[in-house]
Every structure is written in C-alpha cells, then in structure tokens.
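Below is one structure; the comments refer to it alone.
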Amino acid sequence: MDAPRLFVLCRHAESELNVLRRVNGDPTIEVPLTRRGEQQAQMLGDQLRNVPIDVCAHSRFGRTRRTAELVLAGRAVEIREQPLLDDVDVGDLEGASLDAYRAWKQSHARRDAFPGGESLDDAARRYARGFEALLALPASVVLAVVHEIPIRYAANAAAASSDLDWPVHAIGNCVPYLFDEEALRRAIKGIRRAVG
C-alpha cells in the first residue's frame, strides 16, 4: 500500500502590512516580513523539521517566498512559484485599510469584482485550480506557503461547509493546516460547488 500523501498549507509569516492592517493583492509590491514574522517562520521550520517535505510551493508574493525560505533553511527542498495561489487581486483597493476592504465586501456579493480587480468567486475558482496543481506534483509531502483566504476556503470546503468563510475564518500566520489527498480533493469539489 502506498503511503498517504500530505499537503501542509500555511499562511505566510506576519508582514509589515499585517501590522498596519492594510490589504495587498498586487504581487509586484514588495511587503517585507516583520521581525516577529521572521521568528514565526523559523519556529514553523523547527516544527516541520522532521517532516520529509519533497517540494514547497509559494505564491508570487515576496512574503510567501521569504517565509518558505526561512521555514526550509538548511534543507534541500525544491521551492517553486504557483501563481494560482496568489492573494485576491483587490484592484483599486490596493493598500486600503482592512476596514475599508471589509466594508466593500459587506456591501457587495461574492460574484462582484473589486474595482479593477477580481471577484472572490473568481479567486475561489483560481484556488481550486491551484490546489489541483498541488495534487499534480510528483511528491508525497507538499508544503504550500500561501495566503489566508485560500486556506480558509480549503478548510471549510473540505469540511463540507456551504459557506467558504465559515466556520473556520481567522487563519493565523505560519499556522499549518494539514490535508491528506482525499481532503484536498474534497476541498476542490466543495469550493467549486460553493461558487457554482
């Protein structure tokens, strides 16, 4: 019998914009990790030290790449970029306060695109394709350093919630969420079912 595959999804370490409570959906804008964020990534590296990670995927955002580098410091693990798991493109809300972002979300439907950006439903469809790309990797253990929203969607969809935002909502920085292959496939199906 083949050993079960493991997918470790984690949000990047704390960034400067996390502290400022501002949103960033443009991967060309460099947002450094805080000192605390670097410590979080190093601690996650310690926690995963005895897990035989075959490959690590990260989004195009520097904060995910830097987190991955710190988590895997001293290990010979392939690190590759996966744009399908980028954060939501918030368009004209780039750099806005978290409160302004949430206010816009509350006054619009999931299918409505952020001005100059993408909709949450479109992002969810992209995440489903991104998770399929992880499944296609020829690896037994995959680490994916991504963003809060794709992990939230995966966790809720895998648990058969009809709401991608609940019951799991707040995803902490550098907190690992573990999925076996079956759970990640359930997440993909659940995401697609939720967004139609």
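Just so you know, residue 1 is the first one in the sequence shown, and it goes up from there.
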Measuring from [X]:[atom1] to [Y]:[atom2], what's the distance to the nearest 0.5 Å?
X      : Y      : atom1 : atom2 : answer
Phe7   : Phe131 : CZ    : CZ    : 11.0 Å
Leu98  : Lys105 : CG    : NZ    : 8.5 Å
Ile151 : Arg11  : CD1   : CZ    : 8.5 Å
Asp86  : Asp26  : CG    : CG    : 9.5 Å
Arg22  : Tyr101 : CZ    : OH    : 15.0 Å
Arg60  : Thr28  : CZ    : OG1   : 9.0 Å

Task: NZ/NE/NH1/NH2 to OD/OE distance under 4.0 Å, Asp87 and Arg63 - done: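 Answer for the salt bridge query: yes.
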Are [X] and [Y] linked, directly or through other ILVMFWY residues, by side chains that come within less than 4.5 angstrom of each other?
X      : Y      : result
Val145 : Ile171 : no
Leu33  : Leu72  : no
Tyr127 : Leu120 : yes
Ile79  : Leu84  : no
Leu48  : Leu178 : yes

TODO: Take Arg35 and Glu38 through the salt bridge (charged side-chain N to carboxylate O under 4.0 Å, His left out) test and state the conclusion after the steps.
DONE: CA-CA 5 Å; Arg35 175 173 285 223; Glu38 291 182 353; over 6 Å; no
Open item on the list: I want to check something: taking the side chain as every heavy atom from C-beta on, are Leu143 and Val77 in contact at a cut-off of under 4.5 Å?
Closed with: no
Open item on the list: For a 4.5 angstrom cut-off between non-hydrogen side-chain atoms, does Pro27 reach Ser59?
Closed with: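 In short, these two side chains do not touch, never coming nearer than 4.5 Å.
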- [ ] Can you sort out the partners of Pro115 under side-chain contact (heavy atoms from CB on, under 4.5 Å), two or more places apart, ordered by chain and number?
- [x]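 For Pro115 the side-chain contact (heavy atoms from CB on, under 4.5 Å) partners, ignoring immediate neighbours, are Asp92, Trp104.
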Open item on the list: If hydrophobic residues (ILVMFWY) are linked whenever their side-chain heavy atoms come closer than 4.5 Å, directly or via other members, who joins Leu17 in its cluster?
Closed with: Leu20, Ile29, Val31
Any donor-acceptor N/O pair, [X] side chain to [Y] backbone, under 3.5 Å:
X      : Y      : result
Arg152 : His169 : yes
Gln40  : Ala13  : no
Gln82  : Ala133 : no

Quick one: closest heavy-atom pair of [X] and [Y], and the distance?
X      : Y      : value
Val90  : Gly25  : CG2-N, 4.0 Å
Pro52  : Val141 : O-CB, 3.4 Å
Gly117 : Ala113 : O-CB, 3.8 Å
Arg192 : Ala128 : NE-CB, 3.8 Å
Ala157 : Leu164 : CB-CD2, 4.0 Å
Glu14  : Thr34  : OE1-OG1, 2.7 Å

TODO: Test side-chain contact (heavy atoms from CB on, under 4.5 Å) on Asp163 and Asn156 and set out the steps.
DONE: CA-CA 7 Å; Asp163 186 339; Asn156 289 317; over 6 Å; no
- [ ] Quick one: list whatever passes salt bridge (charged side-chain N to carboxylate O under 4.0 Å, His left out) with Glu30, sequence neighbours left out.
- [x] none
- [ ] Mind checking salt bridge (charged side-chain N to carboxylate O under 4.0 Å, His left out) for Arg193 and listing every partner two or more places apart, or none if nothing turns up?
- [x]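 Counting only residues at least two positions away or on another chain, Arg193 forms no salt bridge (charged side-chain N to carboxylate O under 4.0 Å, His left out).
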Open item on the list: Within the supplied structure, the quantity of interest is the number of heavy atoms (other residues, nucleotides, ligands) at a distance under 6.0 Å from Arg49 CZ; does it exceed 12?
Closed with: yes
Open item on the list: Per the ring pair (Phe, Tyr, Trp, His ring centres under 6.0 Å) rule, what does the pair list look like for residues 34-75, sequence neighbours excluded?
Closed with: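 Only Phe61-His147 qualify under ring pair (Phe, Tyr, Trp, His ring centres under 6.0 Å).
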Just one of [options] clears the side chain to side chain contact (heavy atoms under 4.5 Å, CB included) bar with [X], so which one?
X      : options              : value
Thr67  : Val71, Leu70, Thr64  : Val71
Ser140 : Leu6, Asp54, Val55   : Asp54
Asn18  : His12, Arg36, Glu148 : His12

- [ ] Begin from the C-alpha positions of Asp121 and Arg110 and carry the test salt bridge (charged side-chain N to carboxylate O under 4.0 Å, His left out) through to its verdict.
- [x] CA-CA 6 Å; Asp121 280 353; Arg110 290 184 52 86; 2.9 Å; yes
Residues 183-190, side-chain donor-acceptor partners within the protein, below 3.5 Å, at least two apart:
from   : atom 1 : to     : atom 2 : distance (Å)
Arg185 : NE     : Glu181 : OE2    : 3.4
Arg185 : NH2    : Glu181 : OE2    : 2.8
Arg186 : NE     : Ala158 : O      : 2.9

